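Okay, structure first, notes after.
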Amino acid sequence: MARVFNFSAGPAMLPQAVIERARDEMLEWNGSGMSVMEMSHRGKEFMSIAAKAEADLRELLAVPESYKVLFLQGGASSQFAMVPMNLMGPEGKADYVVNGSWGKKAIAEAKRFGSINVTTLDAFTRAPAQDELKLSADAAYVHYTPNETIEGVEFPYVPETGSVPLVADMSSNILSRPIDVSKYGIIYFGAQKNVGPAGLTIAIVREELIEEPLSGTPTMFSYKTHAAADSMYNTPPTYAWYVAGLVFEWLKNDIGGLDKMAEINQRKAGKLYAAIDASDFYANPVDQDCRSLMNVPFTLANAELDATFLEEAKKAGLTTLKGHRSVGGMRASIYNAMPEAGVDALVAFMADFEQRHA
Ligand code: PMP
């Protein structure tokens, strides 16, 4: 068996130690006589798995007591609707800051529920600065995407929004570094990049924001429903929740917490950007201070070599490097679980490829 270095934007690599532990516990979990997949979500075994996962996530992110952690389904794409349905209120106004493709999708959904005031840029090669944000005093919330997965643009700061709650789609950078949860009203993310298998979506919501949603909101789209039932209103994605718990344990025990994780991520991304910048053959268009630690898009000087690059990379055990169809070129997603050796192998392959083809 040969596991490759998989640079997919998501679903993405999981830590090998996590997959091995899931394998070891696959047939029978901890003397329960059954697989986690077969457990009732209301039984004491699964309840203990769920509680441990939540406690570890809270510890990793230092989530204040005044926040609920909701384990949901429907992906970040459902949160694009759930946020306005629950926060917009009767006034129907919200501010959106957009510096990439996912922010645009979030707006498209929010427009169904009210009027949206947008800050955006001509080109998605940086994040707007604080003094460029067009914020309205009467907005119900401000939504932004701290890390745009497709363009590889990451905010170097947390927007200051005064008393207006800040909502962040952290799908592609959650747990990559420490954050101050208290600065946010809601943080949400799909699991399939830095957390675990696809199918689980987590929302960390300041309790005072959990109110009656817009009238007509389906039960499943109300934060109140899930908060009141401790994320067990209906059957949650139990296996994904369990694997997420293993990832949280890995972050705590094997990595040593988010400060350590951030150090490793800085080093990995630093090596890759340094290799791109040192060469005339590779290029990344993003402003230095807004370059993503997680998603590194780059182009080849000659786009006709793209297919050969991907083919040779795959033979070298470096897969899923094709850029998103909307931007072309390459993209290396280097989430927490991508070993530093994977980045080293990619950097070495890029140098060798350039030597042979430039
Ligand atoms: N937001 C961001 C920043 C993303 O990267 C993605 C997925 N690539 C999404 C939203 C959509 O997530 P999902 O597929 O979980 O709905």
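Note that this is a predicted model, so its numbers are computed, not measured. Whatever order the structure lists ligands and atoms in, that order sets their numbers, starting from 1.
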Under 4.0 Å from any heavy atom of [X], which atoms of ligand 1 are there?
X: Thr149; value: 2 (C), 3 (C), 4 (C), 5 (O)
X: Gly75; value: 15 (O), 16 (O)
X: Ser171; value: 1 (N), 2 (C), 3 (C), 4 (C), 10 (C)

Could you check whether any heavy atom of [X] sits closer than 4.0 Å to an atom of ligand 1, since that is the contact criterion I want to use?
X: Lys193; answer: yes
X: Phe80; answer: yes
X: Lys105; answer: no

Can you tell which of Arg267, Lys268, Lys271 makes a salt bridge (charged side-chain N to carboxylate O under 4.0 Å, His left out) with Asp344? Lys271
Side-chain ion pair, Glu109 and Lys105, N-O less than 4.0 Å: no
Less than 4.0 Å between a side-chain N and a carboxylate O, is that true for Asp56 and Lys252? yes
Taking the ring of Tyr144 and the ring of Tyr96, is the distance between their centroids below 6.0 Å? no
Would you say the rings of Phe349 and Phe309 are close, in the sense that their centroids are separated by under 6.0 Å? yes
Inspect the surroundings of CG in Asp280 and state if more than 12 heavy atoms from other residues, nucleotides or ligands are less than 6.0 Å away. no
Would you say [X] has any N or O atom under 3.5 Å from an N or O of ligand 1, going by distance alone?
X: Asp169; value: yes
X: Asn147; value: no
X: Ser77; value: yes

Measure the distance from atom 14 (O) of ligand 1 to every protein heavy atom, then report the residue, atom name and distance (to 0.1 Å) of the closest one. Gln192 NE2, 3.5 Å
For atom 11 (C) of ligand 1, the protein heavy atom that lies nearest, with its residue and separation: Trp102 CZ3, 3.4 Å
Between Arg331 and Asn295, is a side chain to side chain donor-acceptor pair (under 3.5 Å) present by the stated rule, with each step listed? CA-CA 7 Å; Arg331 173 176 50 170; Asn295 309 98; 6.0 Å; no
Output, in order, the C-alpha distance, side-chain angles, deciding distance and verdict of side chain to side chain donor-acceptor pair (under 3.5 Å) for His143 and Gln79. CA-CA 11 Å; His143 180 283; Gln79 293 306 304; over 6 Å; no
Going by the closest heavy atom to atom 13 (P) of ligand 1, which one wins out of Ala76, Ala191, Gly190? Ala76
